Each structure stands twice: as structure tokens, then as C-alpha cells.
Amino acid sequence: MSPNFITSVIDEDLKAGRYQTIVTRFPPEPNGYLHIGHAKSICLNFGLALDYGGACNLRFDDTNPETEDPEYVLSIKKDVEWLGFKWDRELYASDYFDQLYEFALQLIKDGKAYVDSLSDEEIGAYRGTITEPGRPSPYRGRTVEENLDLFERMRKGEFPNGAHVLRAKIDLASPNMKLRDPVLYRIVHASHYRAGNKWCIYPLYDFAHPLSDAIEGVSHSLCTLEFENNRAIYDWLLENLRGKCGLPESPRPYQYEFARLNLDYTLMSKRKLLQLVQGGQVNNWDDPRMPTLSGLRRRGVTPAAIREFIKRIGVAKANSWVDAGVLEAAIRDDLNFTAPRVLAVLRPLKVVITNFPQGRDEDLEAPYWPHDVPREGSRRLPFSREIFIEQDDFAENPPKGFHRLFPGGRVRLRHAYVIRCDEVLKDASGAVTELRCSYDPDTLGKNPSDGAVKGTVHWVSAPHAVKAEFRLYDRLFTVPNPEEGESSFIEHLNPESLVCVQGLVEPSVLADAPDTRYQFERLGYFWRDPVDCGKEGLVFNRIVTLKDSWAKTEAESQQRKAESSKPALPATGHKPQTEPVLSAEQLARFNRFKSQGIGEAEARVLAREPKLEAYLLEAAKNDDIRGLASWVVNELGSAIRAGEKAVSPSQLAQLVALVKEGIITNRIAKGVLEEAIQRGADPAELVKQKGLRQLSDAADLEPIVERLIRQNPDKANALRGGRTGLMGFFVGQAMRETGGRANAEVVQRLVNQKLNDIESC
RNA sequence: UGGGGGAUCGGGUAGCGGUAGCCCGCGAGACUCUGGAUCUCGUUGCGGAGGUUCGAAUCCUCCUCCCCCAGCCA
């Protein structure tokens, strides 16, 4: 897995010894089928466990009896296995219902949870809004005994749905809405597909998820961005329950959020995918147009292709949209090396080869693999007087650059002969029905004597070809983001997302294994539909088309015409930059700082932040305030704001004095300061301990610079040639060699000097 | 509007004070019995404005834009 923000967290955790080994989990709710978005999470969680030698569990987050179904459990397990992953343990949140109940009891006893008897709507109203704080429920003050009794009776089934809920007692005024006493348990008189009728109260995600993680010893709990606010509950629960009810004091799991996958021209919402299934817009969850793993599987996409796709898109925290072309490219790259090439014709056009003897058959030898795929194998390809070629491969009036057949033109039949189109037959409506061609018998395996032909075309022998249905899939929607805008996503469905054609395929495929994936040359990758093939003849699904640069150039020339009349976009106006206005006393301070020679930017910050000002004033007691200001603002600002007292003002002053005296460089001082903040040490003391002194003597630096230039002649040349960025390279190298002690200005001077010296000799 | 996140080539992603890299796409060329594949070369980018620094995508300040949160869903 390429490095990402999660691997860096893990690296640090492992290095710091916070965990012996990592444990992740893939936590689907069994209320729908897995889609390609889940594949990202699966590859992440399982991939991390694999990379770090840890464990990854499959845990069903089955806390909502009303939407979950064992059918989904089965499909999820199948999909994860199909993708190529093995879970360490198969777990169910529903198996923890007893423990979870105990946790709830503990919270109540600790006065941290209460039974609320407000209605659904009332709870919502009492919660306030993002700008107004919530109000306490009248039931918030119930005694522990009362809560215990009520909660127990909730469990026993004494109340109807919605009569009471268990809520965490956190903070109704919290700016984080999630913390305004989140509901932990609700009454649902429904039978659970696993727990049966044992319970009529069920925990909510926010309660069950962190605790399930903790029970299982998860170290890194990965979820998507929309749960960022929920992390506060996660932490609250674990901090309040660690070391209790059998939970270890430490380590505990932590939640990290990454951006979910968005793919162009499709949908990733389970709810909306369900809608498509139920509405009959697609045939089922495994319709090959669906972005579900079962749909992709049925379409013929391999697990390796999906894993490669996920690898290519990476993991980050920014919501983004991935071009559908990336998936297609991953699929093609996979199939290119594994799919034998055969010939099929989707929309047949009859060709009679008039100079080929009637009734004669030829058996041609045709390799399965192109010259650039290092694989062996071939099949016999029957050739005869009547063949079919693709309708698209003939044009009565060929556009410029057309490499295929046209009246009087020649084309190569793949693995066979070169033919010339002599005559075009049409029906009454003027549609082309048949081509009369002649072949050159001396072109098998060699070019015609009068030069090579430009185009090669696929074909099948009419008497030998096998009929087949070809299902041509295209993107499900016509717009990149069908969920955007006023109209329903249903309106953006692509009416041509499935096109079925009856065509022909060469007979050799009859001998192949049913799960063989082919490249039908010049058309795309196909395989037999695992459900419908064989019922009434052959049925092939197109997995993905081949890249088609010809079609692209055609489409572009069309588009150019359309776009030339497009109006220019209006110029975007610049919005004014506004600095926050300073109050009267801030302004006074600002002016005072400025008059002391402090730059405007720093003065502004200092004027607005009394904490920084106080620190600066203290540091500047015996020193020049001007030299200290930027250190306080730019280097120590964050630490001072956070109230860290690691480095005192006078210590800062001492350090800066060392810089002023020329004993150390800015760079050294910054490094030391950082370390001092982290370790709570005296920076000037650190300088002394480590014997840090800047190297500014040209005599010391010269040999280093000279060697660097000799060792990197190409870079030296590029720098001479004007690639000024390379100066950074040389300075950086010199810094590395001197442990950061070199004086960069001296180094730069020397580099320039040596560059000239060496050039001149 | 309170809070929480985010912004790097056309799209995706790395980079953690020292040469802005990789993948997809795109463009040109080579090769080719697939207008595929392969190979070579090229292409454009650090949201904006200031500041610190010898040196900033990276540190500091301000601004802009985008996403998430007011389910007894997950």
C-alpha cells in the first residue's frame, strides 16, 4: 500500500509502542449489497493488516433489526472472499448485546446516562440547532435508581416503541450536535435475524460501534468522513468505560476518517441502489451495470482489477471524484495479459469472396496472443468463401483517415488474407446488404506484393460461426453526478446502458471453459454471462471496451463543431480581501509594536493576541523586542496559544541571542526550539550539550561543496544552465553532511564560486 | 450562522523547511496483421494575499471556496 495519512499514524503508534500489533475491521451493516466504494474500505482495512502483519476482522454492525437480513450477510461474505481477503474473525455486533447492555448499566450507575421519555419529535426540538444550544429534557435529572429501573423495564418489554430511550448525559450546549446527549438505546419490538426475540431494545451505532471495537481489541478504527463528528462520542464512551466491565484500561482503539469513493457516472448510495433494484431499472443487485461487487463480478471484472483500481486511487481526507476511466484502465490492464484473443462480429455484414472457390474451407492457424503478450497457444480458425465483417468496418463514403474497407479499397482480414471491395449490394431502402470482394491468395502471413494495407479487420466464417447474444454495457447514468441537482437521479439514467445485439463468434470458443475471459479483437473484453449463458444459446457480457482512439478523434471533430458557437464564460470578479478590523486598543498596540520596528504582519498578530504579547514583553525585558517578535509569532505562536509552558520567555531570549552572536544559525535555532518544546528542555542548554555551532568558515565548507559538485556533475551543469531549483539540492546535501550546521549563505556563495571555478578549468 | 473537516497538473494521489514526484488522461513520435498493447518524448499544478527563512506546497496570519453535523439510520 502506498503511504497515506493512516499508515503514518500506524507507523508512529507502532514506533511509540502504543500497540504491539495492529487490528482493523471491516464493519458492514447487512442491509444491502457491497459496492465498489466498500471495496476501498475492504482493501484499506485488510491491506493494512496484511502490510503490517496484523489482523483484520469482518464485523457485521447489525444493530438495526428492521433493515437487516441474513441474505446480505451471505452476499457480503461472498464478496469479501471474492475480492481476495480472509478475515481473522467473523464477528457480529449482535453477539455483544449482553455486554453492551452491561456497559449501558455502568454508564447509568456512573450518572452518565439517563432514560428520557420525550417523544422522537420532542427530543429533536430540545436538541436546539447549530446556532442555538439545546435544552435539558425534563427527565434529565432522574436518579440513578429511577434510570436503572426504567431501563430494566425497557429491556423487559414493558413499553411500546418510542416510549423511552437511553441517552448519554454529555453536553446539551455542545457546538458539536453529536454531543448533545446522543441516544444510546431505543425500543424496537422487532425480531432480530440473529438475536431472535431476546431483545426489544437495540443499541445505536454511536454506542455499539466504539464498544465493539474496544471489545475486539481493534487498534485503528477506520471509517468515512461523515463520521468525523461522531468521533467525539467514540472518545467519550471509551474514556468513560475503559477499565470497566471487562474493558482493558489500555490500549484502546482510535477512530480515523478517510474520504469515501465517488465514481463518475454512477451511484454509491446503498439506498438509491436498492431503489434501482426495486424499481426495476436494473435487473437485480448483480446487474452488470451496477457498481456493486456482485454486479462487477457478473460483468466479468476480476478481483485483481478492482484491487489495482483501489490501489491507484489512493486514500486521503479530501472528498474527491474519481474518473470512471481509472476503473476501466485498471480492468483493461489486468485483462490485457490474461484474456486470449478471438474473433467475434457484433453487427454482421455479409462478405462474399468471389474468387475463393465455392465449398472450400481453409483452416488457418491463429495465435491466441499478440506479439507483445508473452504467452503460447493458438487455435484453428476456419475460413471460407462467405464471411461476416463488422458493419462499422465498411463505409461507402469513408471519412478522412478511415483505415477500413470502402468501395475499391483493401483491408486485411485478421490472421487471414487481404481482400478488395469490388461491389456493394443494397436493398430497396439503400442499406448495404452485402459486399462482393476478391482476395489475394498470396497474402497469408505476408504483405501483398504492391505494399502493405493500412487496416486490419475482424471477421468470422459464415458457415462456421456460432450465434451469440452480446450484451454491451455502458455507464448507468448520463451525468457525472446523478445525485446532484433538483431532479431525481432516476431521470439521469442512461437509456443505452444496456444494448443487446445478436452476432456471431468463431467456433473455437465452444471448447473453452465457461469462465474464460476473452478479448474479442478490436471490440473489447467479454465473458459468458454466468447466469443467462447457455439457457438459450451463448450470451456474452462486454466487460469493458478497448481503448478506441479512432472513435475519439471522430467524436472530437464533431464536438469541435458544436463548441465553436459556445459563448465565452463571464469573467469572475475578484472579491475583496478583508482583514479583521482591530479594536481601538488593539490598534494602539499595533501601532506601538510597529513603532518598535516590528513588521506589520507580526504586529497585527501580537495586537490581537494578548497571550503572545505578554510572552514577547517578558522575553524582551533585556533584549531587543524587534528580533524576538517573529520568533514569538511564527515559531512559538501555536505552543503559547495552547498554553504550553515548555520554553520560557527568557530561554527564548537566550536562544535568539546565540543566533545574533553568530554562534548558531537560524536553522539550528529552529531545530533546537522544536526539540525543546517537545521535551520541555532549555533550548540554549541543548545547544551547549550538543555542541552546536554553525559552520560558516569557508575553509570548512569548501571541501564539502567541491566534492558535491564533482559527485553530481549533471546537477551542477543543470544549475549552471539556469535550473536554480538545484541550488536547494546542493544546500540540502551540505546540510545533511554537516548535521544542519552549515551556514547556508556561505554554502550558496561557495557553490556559485566553485561552479565557475570548475567550469573555467 | 456554531462546530468539525478539506483544498497540490484536466482527474486521483505523494511530498512533513532543501530538484514538486507517481498513476489515469491528454499531445507528438516509434512500432504493429487489433485505430489494442508496448516504447520514447512532451504537457499543464501547490486556492488567494501577506509574513518568517539563505531557501516555503511544507511554518505563521488573514481571506476565499467546498464537504459534514440538528435520525430513536449506519
Side-chain angles (χ1 to χ4, degrees), chain A residues 2-4 8 29 31 61 63-64 67 120 123-124 127-132 134 161-162 165 174-178 180 183 185-188 204-206 209 225-232 257 259 264 312-323 325-326 329-330 332 336 341 370-373 401 403-404 412-416 445 447 452-453 455-458 519 521-522 546-551 553 575 577-580 599-602 604-605 608 630-631 633-635 637-638 665-667 670 715 718 723 725-733 735-736 743-745 747-748:
Chain A
S2 35
N4 56 56
S8 54
E29 187 193 8
N31 69 344
D61 258 354
T63 56
N64 185 353
T67 58
D120 195 345
I123 288 179
R127 182 143 36 217
T129 68
I130 50 176
T131 47
E132 304 155 31
N161 289 359
V165 290
S174 172
N176 179 353
M177 296 295 292
K178 295 285 181 194
R180 318 248 263 227
V183 175
Y185 265 94
R186 79 288 215 184
I187 300 172
V188 183
L204 277 96
Y205 168 88
D206 279 323
H209 197 90
L225 254 27
E226 65 268 30
F227 293 101
E228 277 169 335
N229 295 320
N230 302 246
R231 187 174 63 232
E257 309 87 14
D264 272 1
R312 288 182 187 184
I313 59 171
V315 181
K317 290 203 71 151
N319 356 27
S320 57
W321 285 83
V322 173
D323 193 316
V326 181
R332 289 191 193 106
N336 181 38
R341 272 61 166 176
H371 57 91
D372 51 9
V373 175
H403 286 184
R404 288 108 102 156
R412 157 139 253 144
L413 297 174
R414 177 70 163 156
H415 302 305
N447 284 328
V453 290
T456 298
V457 133
H458 57 276
Q519 184 193 105
E521 292 206 40
R522 304 212 308 132
L546 251 30
K547 219 160 76 174
D548 188 348
S549 45
W550 169 247
T553 52
K575 291 196 178 160
Q577 294 267 319
T578 49
E579 289 276 340
E600 273 200 34
E602 279 91 8
R604 182 173 283 277
V605 175
R608 297 178 63 228
S630 82
W631 287 89
V633 171
N634 294 312
E635 307 302 324
S638 310
T665 59
N666 250 313
R667 192 185 201 267
K670 281 187 193 178
K715 293 196 170 72
R723 241 184 97 183
L726 257 356
M727 181 56 87
F729 166 79
F730 285 105
V731 176
Q733 290 297 314
M735 285 298 174
R736 205 155 299 156
N743 181 304
E745 280 164 295
V747 171
Q748 283 183 18

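Every chain is numbered from 1 and lettered A, B, ... according to where its sequence line falls, protein lines coming before strand lines. Just so we're clear, the structure is a prediction, and the values are computed from it rather than from any experiment.
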Colleague: For A:His209 and B:A74, is the gap between ring centres under 5.5 Å while the planes differ by less than 30°?
Modeller: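 A:His209 ring does not meet the centre or angle cut-off for B:A74; no stack.
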Colleague: For A:Ser8, report the nucleic acid contact type (base, sugar-phosphate, nothing); a contact means any heavy atom under 4.0 Å.
Modeller: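 Touches nothing.
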Colleague: Under 4.0 Å, heavy atoms only, any strand: does A:Arg736 hit a base, just the sugar-phosphate, or nothing?
Modeller: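 Nothing, no nucleic acid heavy atom in range.
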Colleague: Look at the side-chain N and O atoms of A:Thr129 and state whether any lies under 4.0 Å from the OP1 or OP2 oxygen of B:G2.
Modeller: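 Answer no for this pair, as no side-chain N or O of A:Thr129 is under 4.0 Å from OP1 or OP2.
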Colleague: When we call it a touch if two heavy atoms are under 4.0 Å apart, what does A:Ser549 touch: a base, just sugar-phosphate, or nothing?
Modeller: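 Here A:Ser549 touches the backbone only, sparing every base.
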Colleague: Looking across every strand, which nucleic acid part, if any, lies under 4.0 Å from A:Ile187 by heavy atom: base, sugar-phosphate, or nothing?
Modeller: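 Counting heavy atoms under 4.0 Å across all strands, no contact is made by A:Ile187.
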Colleague: For a quick check of understanding: with a heavy-atom distance under 4.0 Å over all strands, which category does A:Ala232 fall into, base, sugar-phosphate or nothing?
Modeller: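 It contacts nothing in the nucleic acid.
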Colleague: Using a heavy-atom cut-off of 4.0 Å across all strands, would you classify A:Asp548 as base, sugar-phosphate, or nothing?
Modeller: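 If one applies the 4.0 Å heavy-atom cut-off, A:Asp548 turns out to touch the sugar-phosphate alone, with no base involved.
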Colleague: Check every strand shown and say whether A:Val315 touches a base, only sugar-phosphate, or nothing at a heavy-atom separation below 4.0 Å.
Modeller: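 Sugar-phosphate contact only - A:Val315 comes under 4.0 Å of backbone atoms but never of a base.
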Colleague: Would A:Tyr205 count as stacked on B:A74 if the rule is ring centres under 5.5 Å and plane angle under 30°?
Modeller: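 Whether judged by distance or by angle, A:Tyr205 falls short somewhere, so it does not stack on the base of B:A74.
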Colleague: Quick one: look up who B:U52 pairs with, Watson-Crick or G-U, both distances under 3.5 Å, and put none if it's unpaired.
Modeller: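 Pair assignment: B:U52 / none.
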Colleague: In plain terms, say whether A:Glu228 and A:Lys317 are close enough for a salt bridge, that is, a side-chain N and a carboxylate O under 4.0 Å apart.
Modeller: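 Yes, A:Glu228 and A:Lys317 are salt-bridged.
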Colleague: Name the nucleic acid region contacted by A:Arg332, choosing base, sugar-phosphate or nothing; use a 4.0 angstrom heavy-atom cut-off, strictly under.
Modeller: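 No contact.
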Colleague: NA contact type, A:Gly599, heavy-atom cut-off 4.0 Å: base, sugar-phosphate, or nothing?
Modeller: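 Contact class for A:Gly599: none.
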Colleague: Scan A:Ile313 against the nucleic acid and name what it touches under 4.0 Å (heavy atoms): base, sugar-phosphate only, or nothing.
Modeller: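 Touches sugar-phosphate only.
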Colleague: Over all strands shown, is A:Phe227 touching base, sugar-phosphate only, or nothing at heavy-atom distances under 4.0 angstrom?
Modeller: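 Answer is base: heavy atoms of A:Phe227 come under 4.0 Å of a base.
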